[in-house]
Amino acid sequence: MPELPEVETIRKDLAKLIIGKKILDVETSSPKQVKPSLEVVKKAVVGAKIKKVSRRAKLLQIFLDNGQILAIHLKLTGRLLLRKKGDLFDNWQRVTIHLTENLELRLADLRKFGWIKLVKDEKELSKILSEFGPEPMTDLDLPTFKKILKSSRRPIKIILMDQSKISGIGNIYAVEALFLAKVDPRRPANKLKETESKRLLVSIEKVLKAGIRYRGASDQYYLDALGRKGNYQKHFLVYKRIGEKCFDCPGKIIRISLGGRGTFFCPHCQK
DNA sequence: AATCGTTCCTGATAGC
DNA sequence: TGCTATCAGGAACGAT
């Protein structure tokens, strides 16, 4: 599932390849994923030139020279692929944005949860972005983090994944960071000690940086903009390692369900 | 304001 | 073998 490091990897690659290209057409076999509608989006973006590609949280933004913006969320199984006209149709290809120079930007998405949304201007965009909590790698200091943790008695893992509290962290990076910090994912967020909060914040930055360095985690569906796998899955410490030996003690990794999500940890060394 | 349950969707897997 | 039921999950939404 694309989280901050995966979306950032896509952003960096795309920025090099699509800036300056013009949008020629948009088509879809899954109209619900184009908001508010294919017709409206088409009218707004056809003829516009791509100016900038940004990311905030897990949301990608393509800025156009007419002031409008395409916001893209990949949710669970979305892929944003840059292909050449005539390339083989991608598995689960749902939306195709035709660009100049025979390029196609494709949204491929098995579960159809992902979407592309037209945002009219920067004002509307900043309203959307203001709902997100701080960016963990650049905008989250210890006092802010401690304040966030204090605000809830829900399990710490749920808080890490709550986009309105901290943005960009999903299931994989949440469980990996909690393992590194030696914190039990079930602990109420407001019960973490000062030293644990500090360790957790450092761990979050560490796993996200590693995720970016390895160009994301291709657990099941994630591919980068050129259709290549990431490598971070080769370095998972706990994610999907049920029954395997913990890397830090003789214990074994277990899986529980927390907020309806698979949660992996070592009950022996995560306290 | 915080929290909880439900919904969206398709493919993999389990059970008979 | 072939059918059906269950599960997986980010986040928007409504209800409490």
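A note on names: the letters A, B, ... follow the listed sequences, proteins ahead of strands, and every chain is numbered from 1.
Regarding contacts with the backbone of B:dT3, a side-chain N or O of A:S152 is found under 4.0 angstrom from either OP1 or OP2. Taking only side-chain nitrogens and oxygens, A:K32 comes nearer than 4.0 Å to OP1 or OP2 of B:dC9. Considering only side-chain N and O atoms, A:W115 lies nowhere under 4.0 angstrom from the phosphate OP1 or OP2 of C:dG10. Contact check, A:R255 against C:dA8: a side-chain N or O comes under 4.0 Å of OP1 or OP2. Note on A:K75: every side-chain N or O is 4.0 Å or more away from OP1 and OP2 of C:dA12. The shortest distance between the side-chain N/O atoms of A:H73 and the OP1/OP2 oxygens of C:dA11 is below 4.0 Å.
Aromatic ring centres of A:F265 and A:Y239: separated by at least 6.0 Å.
In this structure, CG of A:D162 is placed 15 Å from P of B:dA1, rounded to the nearest angstrom. Summarising the geometry, the separation between OH on A:Y222 and C1' on C:dG9 is reported as 19 Å, rounded to the nearest angstrom. Here B:dA12 presents its P atom at 15 Å from CG of A:L76, a figure rounded to the nearest Å. Atom CD1 of A:I169 is separated from atom P of C:dG9 by 17 Å (rounded to the nearest Å). If you take CH2 of A:W92 and P of B:dT10, they are 12 Å apart, rounded to a whole angstrom. Going from atom CD of A:E131 over to atom C1' of C:dA11 covers 13 Å, rounded to whole Å. The CD-C1' distance, from A:Q163 to C:dG10, rounds to 8 Å in whole Å.
Annotation: cation-pi pair A:R241/A:F247 present, NZ/CZ under 6.0 Å from the ring centroid and within 45° of its normal. A cation-pi arrangement, defined by a distance under 6.0 Å to the six-membered ring centre and an angle within 45 degrees of its axis, is absent between A:K51 and A:F63.
Checked by atom type and distance alone, the side chain of A:E124 pairs as donor or acceptor with a backbone atom of A:K120 at under 3.5 Å.
Applying the 3.5 Å distance criterion, the base of B:dA2 shares no donor-acceptor pair with the side chain of A:R154.
Here A:D109 lies out of heavy-atom contact (under 4.0 Å) with every strand. Contact annotation for A:K112: backbone-only contact, meaning every heavy-atom pair under 4.0 Å involves sugar-phosphate atoms and none involves a base. Counting any heavy atom pair closer than 4.0 Å across all strands shown, A:G170 reaches no nucleic acid atom.
Look at A:F113 and the base of C:dA11; the rings do not stack under the cut-offs of 5.5 Å between centres and 30° between planes.
Heavy-atom distances to DNA chain B give each of A:R153 and A:R111 a nearest nucleotide, and the one nearer the 5′ end belongs to A:R153.
Within the 4.5 Å cutoff, side-chain heavy atoms of A:L160 are placed close to those of A:I156.
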